[in-house]
Amino acid sequence: MGSLSKPSYRIVAIPGEGIGPEVVEASLQILQHVAKIEGFTLRVDYGWLGATAFLQMGSYFPQATVQLCDGANGIVFGAVSQGGLLELRKHYDFFCNLRPIRIVDSLVHKSSLRPEKVQGLDILIIRELVSGIYFGPAGRSSDEKGAYGYHTMLYYDEEIRRIARIALQKAQERRGLLTVAHKENALPHLGWTRLVQEEAIKFPGVVVEPMLVDNLAMQMVLNPQRFDTVLAGNMFGDILSDIGGALVGSLGLLGSASLNADGFGLYEAIHGTAPDIAGKGIANPLGTLGACVLMLQQWGEVGAAQRIIAAQEQVLSEGYRTADLFPQGSEILINTEKLIDLLLEKLSS
Ligand code: IPM
Ligand code: MG
């Protein structure tokens with residue numbers, strides 16, 4: 001059949017702990033369903049990471065998981081409470097973390113802000129993921145003043161330049177505004193502003209707007225609609241992206257893609273293990289599903305991605321809500337399983 005044969009993908013699912021296994025399983029059901037509709041096949045291998053990996057295999061980041069991930073088309077990740085995740089990101093050099101913050105029309109009333117403040121909201125946060133303070137020299141020691149701990153925010157210029165080029169490219173494809181988070185009034189040696197501006201010469205259509213990260217955090221709450229593409233280092237991006245959860249109504253809605261230079265990626269929700277609701281079957285799988293949509297788009301399976309987005313918008317517009325979205329009035333409280341059933345139903349119709 002040659003070029004007419006069905007594409008076939010292999011992913012590694014790493015459910016992790018807490019609500020991780022629930023949201024991954026839910027998302028895989030949807031993925032398998034659209035695969036059937038769109039005519040591609042999806043093979044899933046299961047990998048271990050974090051505390052569950054440590055219990056099973058004596059390591060937070062087992063070699064067996066790496067072997068499984070090598071050569072896969074993507075990694076779908078649930079959540080871990082400790083260990084393994086940063087190692088996984090670093091191992092594959094997933095430096096480019098894309099965190100879209102997009103409001104769903106029917107959820108404007110769920111935002112922490114008034115609906116008119118978030119109507120049409122569409123921000124892309126691009127977070128550097130394998131350097132900065134998460135990976136700089138760190139440790140505990142002591143001197144004559146006593147014991148101390150330290151983490152160092154260290155960035156090679158080239159690490160800033162490579163993420164800057166991607167952010168500029170994304171901004172060019174979007175609305176042409178790139179806001180760059182920095183803290184140069186206190187941390188002047190990290191050259192985010194200058195380095196991004198130098199790279200921007202190759203992207204004449206893009207306006208680069210450096211902004212002190214504390215002010216940026218405030219502006220995201222005061223006037224989020226003014227933002228288009230936001231570039232941030234590892235820790236600032238972590239913090240800013242949680243504000244995104246408040247803007248769109250629930251952190252449970254947000255997914256992310258972490259890519260390396262080859263386009264290989266790790267796809268995960270922005271939320272964590274949520275131990276308070278784990279095992280109850282009530283977690284919102286839309287964050288992980290959103291990450292899977294990013295994976296499909298990365299593969300060029302845009303039809304499949306579009307189907308999932310449409311089904312999700314339909315279910316939400318009919319008033320169905322998982323607990324994190326605090327159903328009120330005529331809205332209908334549903335659990336994870338019911339949400340998946342509804343999505344499968346919409347996908348088939
Ligand atoms: C995130 C998370 C992680 C991070 C934690 C779990 C290490 O908060 O992906 O936003 O800080 O990167
Ligand atoms: Mg975070």
(message) Would you say CD of Glu337 has more than 12 non-hydrogen atoms from neighbouring residues, nucleotides or ligands within 6.0 angstrom?
(response) no
(request) Go through the steps to decide whether Arg226 and Glu209 satisfy the test side-chain contact (heavy atoms from CB on, under 4.5 Å), and finish with yes or no. (result) CA-CA 12 Å; Arg226 72 178 291 298; Glu209 172 192 52; 2.3 Å; yes
(request) Report yes or no: do Ile125 and Val207 belong to one cluster of Ile/Leu/Val/Met/Phe/Trp/Tyr joined by side chain heavy-atom distances under 4.5 Å? (result) no
(request) Look at the aromatic rings of Tyr60 and Phe54 and report parallel, tilted or perpendicular, splitting at 30° and 60°. (result) parallel
(message) Would Arg165 and Glu158 count as a salt bridge (charged side-chain N to carboxylate O under 4.0 Å, His left out) here? Give the steps.
(response) CA-CA 10 Å; Arg165 289 191 288 270; Glu158 184 48 37; 2.8 Å; yes
(message) If you count every heavy atom of other residues, nucleotides or ligands that lies below 6.0 Å from Tyr156 atom OH, does the total exceed 12?
(response) no
(message) Around atom NZ of Lys36, are there more than 12 heavy atoms from other residues, nucleotides or ligands closer than 6.0 Å?
(response) no
(request) Would you check if the distance from the ring center of Tyr155 to the ring center of Trp192 is below 6.0 Å? (result) yes
(request) To the nearest 0.5 angstrom, please state how far the CZ atom of Arg307 sits from the CD atom of Glu38. (result) 4.5 Å
(message) Between Glu17 and Thr52, does the side-chain hydrogen bond (donor to acceptor under 3.5 Å, both in side chains) criterion hold? Intermediate values first, please.
(response) CA-CA 7 Å; Glu17 336 139 35; Thr52 47; 5.2 Å; no
(request) Compare all side-chain heavy atoms of Leu178 with those of Asp228 and state whether any distance is below 4.5 angstrom. (result) no
(request) Please round to the nearest 0.5 Å and tell me the distance separating atom CD of Glu318 and atom CD1 of Ile334. (result) 10.0 Å
(request) Using a strict 4.0 Å threshold on nitrogen-to-oxygen distance, state whether Glu268 and Arg89 make a salt bridge. (result) yes
(request) Locate the shortest heavy-atom distance separating Ile103 from Gly120; write the atom from each residue and the value. (result) CG2-N, 3.6 Å
(message) For Asp276, is there any backbone N or O sitting under 3.5 Å from a side-chain donor or acceptor partner on Lys280?
(response) yes
(request) Go through Val248 and Ser111 one step at a time and tell me if the side-chain contact (heavy atoms from CB on, under 4.5 Å) criterion holds. (result) CA-CA 5 Å; Val248 300; Ser111 175; over 6 Å; no
(message) Are Ile19 and Leu85 linked, directly or through intermediate hydrophobic residues, by side-chain heavy-atom contacts shorter than 4.5 Å (ILVMFWY only)?
(response) no
(request) Report yes or no: is the cationic atom of Lys90 (NZ for Lys, CZ for Arg) under 6.0 Å from the centre of the six-membered ring of Phe135, at an angle within 45° of the ring normal? (result) yes
(request) For the residue pair Glu87 and Leu49, establish whether any side-chain heavy-atom pair is separated by less than 4.5 Å. (result) no
(request) Check Ile160 against Gly191 and note the closest heavy-atom contact, atom names and distance. (result) CD1-N, 4.4 Å
(message) With clusters defined by side-chain heavy atoms of hydrophobic residues (ILVMFWY) lying less than 4.5 Å apart, directly or transitively, does Val293 cluster with Val76?
(response) yes
(request) Taking the six-membered ring of Tyr46 (Phe, Tyr or Trp), confirm whether the NZ or CZ of Arg10 is under 6.0 Å from its centre and within 45° of its axis. (result) no
(message) Walk me through whether Asp262 and Tyr92 qualify under side-chain hydrogen bond (donor to acceptor under 3.5 Å, both in side chains).
(response) CA-CA 10 Å; Asp262 300 326; Tyr92 288 106; over 6 Å; no
(request) Grab the two heavy atoms, one from Leu254 and one from Gly245, that are nearest each other, plus how far apart they are. (result) CD1-N, 3.5 Å
(message) Ring of Phe95, cation from Arg162 - is the NZ or CZ under 6.0 Å from the centre and inside 45° of the axis?
(response) yes
(request) Dump the intermediate steps for side-chain hydrogen bond (donor to acceptor under 3.5 Å, both in side chains) on Glu25 and Gln29, then the final yes or no. (result) CA-CA 6 Å; Glu25 224 29 67; Gln29 275 190 55; 5.9 Å; no
(message) Hydrophobic cluster membership, with links at side-chain heavy-atom distances under 4.5 Å among I/L/V/M/F/W/Y: are Met153 and Leu212 in one?
(response) no
(message) Consider side chain to side chain contact (heavy atoms under 4.5 Å, CB included). Of Ile243, Asp122, Leu113, which one does Pro224 pass it with?
(response) Leu113
(request) List the atom of Asn97, the atom of Ser258, and the distance in Å for their closest heavy-atom pair. (result) ND2-OG, 3.1 Å
(request) Identify the two heavy atoms, one from Val12 and one from Leu68, that lie closest to each other, and give their separation to 0.1 Å. (result) CG2-O, 3.4 Å
(request) Would you name the heavy atoms of Glu159 and Glu128 that are closest together and state the gap between them? (result) O-CG, 4.5 Å
(request) Kindly indicate, with the supporting measurements, whether the criterion side-chain contact (heavy atoms from CB on, under 4.5 Å) is fulfilled by Ile308 and Ile30. (result) CA-CA 8 Å; Ile308 297 177; Ile30 302 291; 4.0 Å; yes
(message) Membership question, hydrophobic clusters at under 4.5 Å side-chain separation (ILVMFWY): are Val213 and Ile163 in the same one?
(response) yes
(request) Check whether more than 12 heavy atoms from other residues, nucleotides or ligands sit under 6.0 Å from atom NE2 of His151, and answer yes or no. (result) no
(request) Answer yes or no: are there more than 12 heavy-atom neighbours, outside Lys346 itself, under 6.0 Å from its atom NZ? (result) yes
(message) One pair to check against side-chain contact (heavy atoms from CB on, under 4.5 Å): Leu343 and Asp341. What are the steps and the verdict?
(response) CA-CA 5 Å; Leu343 288 169; Asp341 286 346; over 6 Å; no
(request) Taking atom CG of Asp45 as the centre, report whether more than 12 heavy atoms of other residues, nucleotides or ligands fall under 6.0 Å from it. (result) yes
(message) Quick check on the 6.0 Å ring-centre criterion: do Phe77 and Tyr267 meet it?
(response) no
(message) Quick one, Leu124 and Leu98 - any side-chain contact, counting heavy atoms below 4.5 Å?
(response) yes
(request) Supply the atom-to-atom distance Gln32 CD to Thr41 OG1, rounded to the nearest 0.5 angstrom. (result) 8.5 Å
(request) Please check if the side chain of Asn73 supplies one atom and the backbone of Ile11 the other of a donor-acceptor pair under 3.5 Å. (result) no
(message) For Ser348 and His33: C-alpha separation, side-chain torsions, deciding distance, then whether side-chain hydrogen bond (donor to acceptor under 3.5 Å, both in side chains) applies.
(response) CA-CA 9 Å; Ser348 303; His33 193 75; 2.9 Å; yes
(request) Starting at CE of Met235, measure out to CD1 of Ile133 and round the result to the nearest 0.5 Å. (result) 4.0 Å
(request) Give me the one residue out of Leu344, Leu316, Leu289, Asn284 that meets side chain to side chain contact (heavy atoms under 4.5 Å, CB included) with Leu339. (result) Asn284
(message) Check the orientation of Phe264 and Phe94. Use parallel for under 30°, tilted for 30 to 60°, and perpendicular for over 60°.
(response) tilted
